Visitor: 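Before I ask anything, let me first share the structure, which is written out below as C-alpha coordinates.
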Protein chains: 2
Amino acid sequence: MNVINASPRRKELTRLAAQLFVQEGFDRTTVRMLAQEMGIKSGSLFHHFRDKQEILAAVIEEGTQNALNIAHRALELAGDDPDSRLRAMARAHLETLFTDRNAHVVALFEWRRLDPSARAHLSHLRDAYEALWVEVIDEALEAGLIHGDRFLVSRFILGALNWTVRWYDPGGSRSPDDLADELVFMIMPKTP
Amino acid sequence: MNVINASPRRKELTRLAAQLFVQEGFDRTTVRMLAQEMGIKSGSLFHHFRDKQEILAAVIEEGTQNALNIAHRALELAGDDPDSRLRAMARAHLETLFTDRNAHVVALFEWRRLDPSARAHLSHLRDAYEALWVEVIDEALEAGLIHGDRFLVSRFILGALNWTVRWYDPGGSRSPDDLADELVFMIMPKTP
DNA sequence: GTCTATAGGTGGATAGAC
DNA sequence: GTCTATCCACCTATAGAC
(Lines give C-alpha, C1' and ligand atoms only; values in the text may rest on other atoms or scores of the structure.)
Protein backbone atom coordinates (compact mmCIF):
# COMPACT_ATOMS: atom_id res chain seq x y z
CA MET A 1 0.00 0.00 0.00
CA ASN A 2 1.80 3.01 -1.23
CA VAL A 3 -0.24 5.83 0.21
CA ILE A 4 2.48 8.45 0.10
CA ASN A 5 3.79 8.18 -3.44
CA ALA A 6 1.03 8.44 -5.98
CA SER A 7 1.80 10.19 -9.29
CA PRO A 8 4.81 9.43 -11.49
CA ARG A 9 5.71 13.11 -11.31
CA ARG A 10 5.86 12.90 -7.56
CA LYS A 11 8.08 9.87 -7.74
CA GLU A 12 10.47 11.73 -10.00
CA LEU A 13 10.62 14.66 -7.60
CA THR A 14 11.15 12.26 -4.71
CA ARG A 15 14.17 10.83 -6.46
CA LEU A 16 15.73 14.26 -6.87
CA ALA A 17 14.99 15.11 -3.26
CA ALA A 18 16.78 11.97 -2.11
CA GLN A 19 19.92 13.06 -3.87
CA LEU A 20 19.95 16.45 -2.18
CA PHE A 21 19.12 15.02 1.22
CA VAL A 22 22.16 12.74 0.96
CA GLN A 23 24.47 15.51 -0.20
CA GLU A 24 23.41 18.23 2.21
CA GLY A 25 21.40 16.52 4.89
CA PHE A 26 17.68 17.07 5.40
CA ASP A 27 17.95 20.09 7.68
CA ARG A 28 20.32 21.99 5.40
CA THR A 29 18.31 21.30 2.28
CA THR A 30 15.92 24.19 1.68
CA VAL A 31 12.72 24.01 -0.29
CA ARG A 32 14.29 26.52 -2.67
CA MET A 33 17.21 24.16 -3.32
CA LEU A 34 14.79 21.32 -3.91
CA ALA A 35 12.73 23.38 -6.32
CA GLN A 36 15.76 24.50 -8.29
CA GLU A 37 16.99 20.93 -8.64
CA MET A 38 13.55 20.03 -9.94
CA GLY A 39 13.46 22.92 -12.38
CA ILE A 40 10.47 24.63 -10.78
CA LYS A 41 9.90 27.49 -8.34
CA SER A 42 9.66 26.85 -4.63
CA GLY A 43 5.98 27.70 -4.46
CA SER A 44 5.16 24.98 -6.99
CA LEU A 45 6.63 22.34 -4.73
CA PHE A 46 3.68 22.54 -2.41
CA HIS A 47 1.34 21.42 -5.12
CA HIS A 48 3.01 17.99 -4.88
CA PHE A 49 3.81 17.81 -1.20
CA ARG A 50 1.95 19.26 1.75
CA ASP A 51 5.16 20.32 3.45
CA LYS A 52 8.87 19.55 3.69
CA GLN A 53 8.21 16.74 6.14
CA GLU A 54 6.10 14.95 3.57
CA ILE A 55 8.98 15.02 1.10
CA LEU A 56 11.19 13.33 3.66
CA ALA A 57 8.53 10.74 4.39
CA ALA A 58 8.15 10.03 0.67
CA VAL A 59 11.90 9.57 0.24
CA ILE A 60 12.19 7.28 3.24
CA GLU A 61 9.23 5.17 2.18
CA GLU A 62 10.68 4.85 -1.29
CA GLY A 63 14.12 3.96 0.06
CA THR A 64 12.97 1.35 2.51
CA GLN A 65 10.50 -0.25 0.13
CA ASN A 66 13.21 -0.43 -2.48
CA ALA A 67 15.64 -2.06 -0.07
CA LEU A 68 13.00 -4.59 0.86
CA ASN A 69 12.33 -5.44 -2.78
CA ILE A 70 15.99 -5.81 -3.66
CA ALA A 71 16.66 -7.96 -0.60
CA HIS A 72 13.75 -10.24 -1.44
CA ARG A 73 14.95 -10.69 -4.99
CA ALA A 74 18.50 -11.36 -3.83
CA LEU A 75 17.32 -14.02 -1.39
CA GLU A 76 15.34 -15.79 -4.10
CA LEU A 77 18.45 -16.08 -6.22
CA ALA A 78 20.61 -17.09 -3.27
CA GLY A 79 18.90 -20.41 -2.72
CA ASP A 80 18.96 -22.25 0.61
CA ASP A 81 22.59 -22.06 1.65
CA PRO A 82 22.81 -19.92 4.82
CA ASP A 83 26.25 -18.68 3.82
CA SER A 84 25.22 -17.42 0.41
CA ARG A 85 22.00 -15.99 1.84
CA LEU A 86 23.89 -13.89 4.34
CA ARG A 87 26.30 -12.75 1.65
CA ALA A 88 23.36 -11.92 -0.61
CA MET A 89 21.80 -9.74 2.08
CA ALA A 90 25.04 -7.85 2.66
CA ARG A 91 25.51 -7.28 -1.06
CA ALA A 92 21.92 -6.19 -1.50
CA HIS A 93 22.24 -3.74 1.36
CA LEU A 94 25.31 -2.07 -0.11
CA GLU A 95 23.70 -2.09 -3.52
CA THR A 96 20.80 -0.01 -2.22
CA LEU A 97 23.28 2.36 -0.56
CA PHE A 98 25.66 2.90 -3.47
CA THR A 99 24.66 1.65 -6.87
CA ASP A 100 20.96 2.16 -6.48
CA ARG A 101 19.29 5.45 -5.69
CA ASN A 102 20.11 7.42 -2.56
CA ALA A 103 16.75 7.01 -0.90
CA HIS A 104 17.85 4.19 1.38
CA VAL A 105 20.74 6.28 2.69
CA VAL A 106 18.20 8.94 3.63
CA ALA A 107 16.01 6.33 5.30
CA LEU A 108 18.91 5.22 7.48
CA PHE A 109 20.54 8.54 8.28
CA GLU A 110 17.58 10.91 8.48
CA TRP A 111 15.09 8.66 10.22
CA ARG A 112 15.27 10.80 13.34
CA ARG A 113 14.12 13.85 11.42
CA LEU A 114 10.74 12.26 10.74
CA ASP A 115 7.95 13.62 12.87
CA PRO A 116 6.19 11.11 15.15
CA SER A 117 3.19 10.47 12.90
CA ALA A 118 5.32 9.74 9.84
CA ARG A 119 7.57 7.56 11.95
CA ALA A 120 4.58 5.55 13.13
CA HIS A 121 3.40 5.09 9.57
CA LEU A 122 6.79 3.94 8.27
CA SER A 123 8.17 1.94 11.17
CA HIS A 124 6.48 -1.29 10.13
CA LEU A 125 8.19 -1.05 6.76
CA ARG A 126 11.54 -0.62 8.43
CA ASP A 127 10.73 -3.45 10.81
CA ALA A 128 9.95 -5.73 7.88
CA TYR A 129 13.36 -5.08 6.42
CA GLU A 130 15.13 -5.69 9.70
CA ALA A 131 13.08 -8.83 10.27
CA LEU A 132 14.40 -10.16 7.00
CA TRP A 133 17.91 -9.63 8.30
CA VAL A 134 17.24 -11.35 11.60
CA GLU A 135 15.77 -14.27 9.68
CA VAL A 136 18.93 -14.73 7.62
CA ILE A 137 21.12 -14.24 10.69
CA ASP A 138 19.13 -16.93 12.47
CA GLU A 139 19.79 -19.38 9.69
CA ALA A 140 23.51 -18.68 9.85
CA LEU A 141 23.48 -19.08 13.63
CA GLU A 142 21.66 -22.38 13.46
CA ALA A 143 24.10 -23.61 10.85
CA GLY A 144 26.92 -22.70 13.22
CA LEU A 145 28.48 -20.30 10.73
CA ILE A 146 28.45 -17.35 13.09
CA HIS A 147 28.10 -16.91 16.82
CA GLY A 148 26.43 -14.57 19.23
CA ASP A 149 23.08 -13.05 20.09
CA ARG A 150 20.77 -12.85 17.07
CA PHE A 151 19.65 -9.36 17.91
CA LEU A 152 23.11 -7.99 18.56
CA VAL A 153 24.70 -9.68 15.57
CA SER A 154 22.10 -8.15 13.27
CA ARG A 155 22.66 -4.70 14.72
CA PHE A 156 26.43 -4.96 14.49
CA ILE A 157 26.40 -6.13 10.89
CA LEU A 158 23.92 -3.48 9.83
CA GLY A 159 25.95 -0.87 11.66
CA ALA A 160 29.15 -1.89 9.92
CA LEU A 161 27.35 -1.75 6.57
CA ASN A 162 25.54 1.52 7.19
CA TRP A 163 28.68 3.29 8.32
CA THR A 164 30.34 2.58 4.98
CA VAL A 165 28.36 5.55 3.70
CA ARG A 166 30.67 7.75 5.76
CA TRP A 167 33.97 6.50 4.32
CA TYR A 168 33.56 4.30 1.26
CA ASP A 169 34.42 5.81 -2.11
CA PRO A 170 32.44 4.10 -4.88
CA GLY A 171 34.91 5.49 -7.37
CA GLY A 172 37.80 3.61 -5.76
CA SER A 173 39.22 0.24 -6.59
CA ARG A 174 36.87 -1.89 -4.54
CA SER A 175 33.32 -2.68 -5.57
CA PRO A 176 30.43 -2.70 -3.10
CA ASP A 177 30.28 -6.47 -3.59
CA ASP A 178 33.92 -6.69 -2.51
CA LEU A 179 33.07 -4.81 0.64
CA ALA A 180 30.17 -7.08 1.43
CA ASP A 181 32.31 -10.17 0.95
CA GLU A 182 35.05 -8.78 3.18
CA LEU A 183 32.56 -8.13 5.94
CA VAL A 184 31.16 -11.64 5.70
CA PHE A 185 34.71 -12.99 5.69
CA MET A 186 35.50 -11.02 8.85
CA ILE A 187 32.75 -12.68 10.87
CA MET A 188 32.90 -16.03 9.11
CA PRO A 189 36.54 -16.68 8.09
CA LYS A 190 36.48 -20.42 7.63
CA THR A 191 33.72 -21.86 5.53
CA PRO A 192 34.17 -25.56 6.21
CA MET B 1 47.95 21.91 21.99
CA ASN B 2 44.44 22.83 22.89
CA VAL B 3 43.97 26.04 20.97
CA ILE B 4 40.22 25.95 20.84
CA ASN B 5 39.26 25.32 24.46
CA ALA B 6 40.85 27.83 26.78
CA SER B 7 38.87 28.98 29.83
CA PRO B 8 37.15 26.64 32.28
CA ARG B 9 33.92 28.51 31.63
CA ARG B 10 34.21 27.74 27.97
CA LYS B 11 34.78 24.10 28.71
CA GLU B 12 31.63 24.00 30.79
CA LEU B 13 29.61 25.59 28.01
CA THR B 14 31.11 23.16 25.53
CA ARG B 15 29.91 20.27 27.63
CA LEU B 16 26.34 21.60 27.63
CA ALA B 17 26.49 22.21 23.90
CA ALA B 18 27.54 18.61 23.32
CA GLN B 19 24.43 17.38 25.07
CA LEU B 20 22.12 19.48 22.91
CA PHE B 21 23.94 18.58 19.71
CA VAL B 22 23.40 14.90 20.47
CA GLN B 23 19.74 15.36 21.35
CA GLU B 24 18.71 17.63 18.50
CA GLY B 25 21.51 17.52 15.98
CA PHE B 26 23.76 20.46 15.20
CA ASP B 27 21.59 22.04 12.53
CA ARG B 28 18.44 22.01 14.63
CA THR B 29 20.15 23.37 17.71
CA THR B 30 19.75 27.15 17.76
CA VAL B 31 21.99 29.54 19.61
CA ARG B 32 18.94 30.48 21.67
CA MET B 33 18.54 26.86 22.78
CA LEU B 34 22.20 26.71 23.65
CA ALA B 35 22.04 29.94 25.61
CA GLN B 36 18.97 28.85 27.55
CA GLU B 37 20.61 25.55 28.47
CA MET B 38 23.58 27.54 29.72
CA GLY B 39 21.43 29.94 31.69
CA ILE B 40 22.42 33.01 29.72
CA LYS B 41 20.98 35.07 26.87
CA SER B 42 21.86 34.27 23.29
CA GLY B 43 23.87 37.44 22.79
CA SER B 44 26.19 36.51 25.64
CA LEU B 45 27.17 33.32 23.88
CA PHE B 46 29.27 35.23 21.39
CA HIS B 47 31.51 36.48 24.13
CA HIS B 48 32.79 32.90 24.47
CA PHE B 49 32.59 31.70 20.89
CA ARG B 50 33.08 33.62 17.68
CA ASP B 51 30.18 31.86 16.00
CA LYS B 52 28.11 28.67 16.07
CA GLN B 53 30.72 26.84 14.01
CA GLU B 54 33.31 27.44 16.68
CA ILE B 55 31.07 25.80 19.27
CA LEU B 56 30.87 22.71 17.10
CA ALA B 57 34.63 22.69 16.62
CA ALA B 58 35.15 22.99 20.37
CA VAL B 59 32.81 20.09 21.07
CA ILE B 60 34.42 17.87 18.46
CA GLU B 61 37.92 18.66 19.63
CA GLU B 62 36.91 17.89 23.18
CA GLY B 63 35.19 14.65 22.19
CA THR B 64 38.02 13.30 20.07
CA GLN B 65 40.75 14.29 22.52
CA ASN B 66 38.79 12.63 25.27
CA ALA B 67 38.37 9.43 23.28
CA LEU B 68 42.09 9.42 22.58
CA ASN B 69 42.94 9.83 26.25
CA ILE B 70 40.55 7.12 27.40
CA ALA B 71 41.80 4.70 24.74
CA HIS B 72 45.41 5.31 25.72
CA ARG B 73 44.66 4.68 29.36
CA ALA B 74 42.71 1.53 28.53
CA LEU B 75 45.58 0.17 26.45
CA GLU B 76 48.04 0.75 29.25
CA LEU B 77 45.92 -1.35 31.56
CA ALA B 78 45.31 -4.00 28.94
CA GLY B 79 48.91 -5.17 28.76
CA ASP B 80 50.34 -6.97 25.75
CA ASP B 81 47.73 -9.55 24.91
CA PRO B 82 46.26 -8.68 21.47
CA ASP B 83 42.90 -10.12 22.48
CA SER B 84 42.53 -8.01 25.59
CA ARG B 85 43.88 -4.96 23.81
CA LEU B 86 41.21 -5.21 21.13
CA ARG B 87 38.55 -5.73 23.77
CA ALA B 88 39.89 -2.76 25.70
CA MET B 89 39.61 -0.53 22.64
CA ALA B 90 36.02 -1.61 21.99
CA ARG B 91 35.07 -1.01 25.60
CA ALA B 92 36.80 2.35 25.65
CA HIS B 93 35.01 3.41 22.50
CA LEU B 94 31.57 2.60 23.89
CA GLU B 95 32.51 4.21 27.17
CA THR B 96 33.16 7.51 25.40
CA LEU B 97 29.84 7.16 23.58
CA PHE B 98 27.60 6.27 26.50
CA THR B 99 28.96 6.59 29.99
CA ASP B 100 31.24 9.51 29.32
CA ARG B 101 30.14 12.84 27.94
CA ASN B 102 28.37 13.18 24.60
CA ALA B 103 31.15 15.03 22.84
CA HIS B 104 32.50 11.98 21.06
CA VAL B 105 29.08 11.21 19.62
CA VAL B 106 29.04 14.70 18.16
CA ALA B 107 32.53 14.21 16.77
CA LEU B 108 31.40 11.08 14.95
CA PHE B 109 27.96 12.11 13.76
CA GLU B 110 28.36 15.81 13.06
CA TRP B 111 31.83 15.78 11.51
CA ARG B 112 30.39 16.68 8.14
CA ARG B 113 28.92 19.89 9.53
CA LEU B 114 32.39 21.26 10.25
CA ASP B 115 33.52 23.88 7.80
CA PRO B 116 36.69 23.08 5.81
CA SER B 117 39.11 25.07 7.96
CA ALA B 118 37.94 23.49 11.20
CA ARG B 119 38.03 20.09 9.56
CA ALA B 120 41.62 20.65 8.50
CA HIS B 121 42.55 21.67 12.01
CA LEU B 122 40.89 18.67 13.66
CA SER B 123 41.52 15.89 11.18
CA HIS B 124 44.94 15.00 12.58
CA LEU B 125 43.33 14.43 15.97
CA ARG B 126 40.78 12.13 14.44
CA ASP B 127 43.49 10.39 12.46
CA ALA B 128 45.49 9.79 15.63
CA TYR B 129 42.52 8.04 17.19
CA GLU B 130 41.91 5.89 14.13
CA ALA B 131 45.62 5.08 13.91
CA LEU B 132 45.41 3.70 17.42
CA TRP B 133 42.65 1.40 16.25
CA VAL B 134 44.54 0.20 13.21
CA GLU B 135 47.53 -0.51 15.44
CA VAL B 136 45.51 -2.76 17.73
CA ILE B 137 43.79 -4.39 14.76
CA ASP B 138 47.20 -5.11 13.27
CA GLU B 139 48.32 -6.88 16.43
CA ALA B 140 45.21 -9.05 16.38
CA LEU B 141 45.73 -9.84 12.71
CA GLU B 142 49.34 -10.82 13.25
CA ALA B 143 48.34 -13.02 16.16
CA GLY B 144 45.86 -14.73 13.87
CA LEU B 145 42.90 -13.81 16.05
CA ILE B 146 40.99 -12.08 13.30
CA HIS B 147 41.15 -12.07 9.52
CA GLY B 148 40.83 -9.64 6.69
CA ASP B 149 42.15 -6.33 5.40
CA ARG B 150 43.46 -4.12 8.24
CA PHE B 151 41.83 -1.04 6.80
CA LEU B 152 38.46 -2.63 6.17
CA VAL B 153 38.37 -4.49 9.47
CA SER B 154 38.98 -1.25 11.36
CA ARG B 155 36.22 0.52 9.48
CA PHE B 156 33.74 -2.30 9.96
CA ILE B 157 34.37 -2.57 13.68
CA LEU B 158 34.18 1.18 14.20
CA GLY B 159 31.00 1.29 12.13
CA ALA B 160 29.37 -1.43 14.19
CA LEU B 161 30.33 0.41 17.37
CA ASN B 162 29.32 3.87 16.17
CA TRP B 163 25.93 2.72 14.99
CA THR B 164 25.06 1.52 18.50
CA VAL B 165 24.28 5.17 19.20
CA ARG B 166 21.22 4.75 16.99
CA TRP B 167 19.70 1.76 18.79
CA TYR B 168 21.35 0.97 22.12
CA ASP B 169 19.47 1.89 25.27
CA PRO B 170 21.93 2.52 28.13
CA GLY B 171 19.02 2.11 30.56
CA GLY B 172 18.44 -1.47 29.40
CA SER B 173 19.75 -4.71 30.81
CA ARG B 174 23.04 -4.79 28.95
CA SER B 175 26.03 -2.70 29.85
CA PRO B 176 28.24 -1.02 27.25
CA ASP B 177 30.98 -3.45 28.26
CA ASP B 178 28.63 -6.34 27.44
CA LEU B 179 28.10 -4.89 24.01
CA ALA B 180 31.81 -4.51 23.39
CA ASP B 181 32.46 -8.10 24.44
CA GLU B 182 29.68 -9.39 22.21
CA LEU B 183 31.14 -7.58 19.22
CA VAL B 184 34.59 -8.99 19.90
CA PHE B 185 33.04 -12.42 20.31
CA MET B 186 31.30 -12.09 16.96
CA ILE B 187 34.52 -11.58 15.05
CA MET B 188 36.68 -13.74 17.31
CA PRO B 189 34.48 -16.59 18.59
CA LYS B 190 37.12 -18.92 19.97
CA THR B 191 38.95 -17.40 22.92
CA PRO B 192 41.02 -20.25 24.32
C1' DG C 1 30.68 38.37 31.55
C1' DT C 2 25.97 39.28 30.80
C1' DC C 3 22.26 42.11 29.43
C1' DT C 4 18.84 44.47 25.94
C1' DA C 5 17.71 45.57 21.50
C1' DT C 6 17.91 44.88 16.98
C1' DA C 7 19.91 44.48 12.43
C1' DG C 8 19.92 41.67 8.42
C1' DG C 9 18.93 37.66 6.34
C1' DT C 10 16.67 33.20 5.16
C1' DG C 11 13.52 29.73 6.22
C1' DG C 12 8.80 27.26 5.22
C1' DA C 13 4.58 28.05 3.53
C1' DT C 14 0.27 30.52 1.33
C1' DA C 15 -2.80 33.02 -2.17
C1' DG C 16 -4.35 33.79 -6.38
C1' DA C 17 -3.33 34.58 -11.42
C1' DC C 18 -2.33 32.06 -15.60
C1' DG D 1 0.95 22.27 -12.72
C1' DT D 2 3.57 26.32 -12.45
C1' DC D 3 4.31 31.15 -11.64
C1' DT D 4 4.76 35.61 -8.91
C1' DA D 5 4.51 37.88 -4.83
C1' DT D 6 4.66 37.90 -0.22
C1' DC D 7 3.88 36.89 4.87
C1' DC D 8 6.03 36.26 9.01
C1' DA D 9 8.45 33.40 12.14
C1' DC D 10 12.87 32.50 13.43
C1' DC D 11 17.83 32.42 12.95
C1' DT D 12 22.78 34.12 13.46
C1' DA D 13 25.33 37.74 14.81
C1' DT D 14 26.39 42.64 16.35
C1' DA D 15 26.49 47.02 19.25
C1' DG D 16 26.70 49.22 23.21
C1' DA D 17 25.05 49.75 28.13
C1' DC D 18 25.75 47.85 32.73
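Letters go in sequence order (proteins before strands), and every chain restarts at 1. If you're wondering where the values come from, they're calculated on a predicted model, not measured in any experiment.
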Visitor: Any idea which heavy atoms bring Gly148(B) and Leu141(B) closest together, and the distance?
Guide: O-CD2, 3.7 Å

Visitor: Under 4.0 Å from OP1 or OP2 of dT2(C): is there any side-chain N or O of His47(B) that close?
Guide: no

Visitor: Evaluate the side-chain proximity of Arg113(B) to Arg28(A): yes if any heavy-atom separation is below 4.5 Å, no if none is.
Guide: yes

Visitor: Quickly work out the Phe49(A) CZ to dT14(C) C1' distance and round it to whole Å.
Guide: 18 Å

Visitor: Could you go through nucleotides 4-10 of chain C and list every protein N or O atom that sits under 3.5 Å from one of its N or O atoms, giving the distance for each pair?
Guide:
none

Visitor: Choose from dT12(D), dC3(D), dG1(C) the nucleotide whose nearest atom is closest to any side-chain atom of Lys52(B).
Guide: dT12(D)

Visitor: Could you see if Tyr168(A) belongs to whatever hydrophobic cluster contains Trp111(B)? Use Ile, Leu, Val, Met, Phe, Trp, Tyr and a side-chain cutoff under 4.5 Å.
Guide: yes

Visitor: Whole angstroms only, please: what is the CG-P distance between Leu45(A) and dT4(D)?
Guide: 14 Å

Visitor: Rounded to the nearest angstrom, tell me the gap between atom CZ in Arg10(B) and atom P in dT2(C).
Guide: 14 Å

Visitor: Starting at CD of Gln36(B) and ending at P of dC10(D), how long is that distance when rounded to a whole Å?
Guide: 14 Å

Visitor: Would you call Arg174(A) and Asp169(A) a salt bridge, taking side-chain N to carboxylate O under 4.0 Å as the test?
Guide: no

Visitor: For the pair made of CZ in Arg28(B) and C1' in dG12(C), what is the distance, rounded to whole Å?
Guide: 13 Å

Visitor: State which of dG1(D), dG12(C), dC3(D) makes the closest approach to the side chain of Phe46(A).
Guide: dG12(C)

Visitor: Report the distance from atom CG of Leu34(A) to atom P of dA13(C), rounded to the nearest whole Å.
Guide: 11 Å

Visitor: Look at the aromatic rings of Trp133(B) and His93(B) and report parallel, tilted or perpendicular, splitting at 30° and 60°.
Guide: perpendicular

Visitor: Rounding to a whole Å, what distance do you find between Met38(B):CE and dC3(C):C1'?
Guide: 17 Å

Visitor: Would you kindly confirm whether Val165(A) and Trp163(B) end up in one hydrophobic cluster when ILVMFWY residues are joined by side chain heavy atoms under 4.5 Å apart?
Guide: yes

Visitor: Rounded to the Å, how far apart are His48(B) NE2 and dG1(C) P?
Guide: 6 Å

Visitor: Under 4.0 Å: is that the gap between some side-chain N or O of Arg9(A) and OP1 or OP2 of dT2(D)?
Guide: yes

Visitor: Any Lys/Arg nitrogen of Glu54(A) or Arg10(A) sitting under 4.0 Å from an Asp/Glu carboxylate oxygen of the other?
Guide: yes

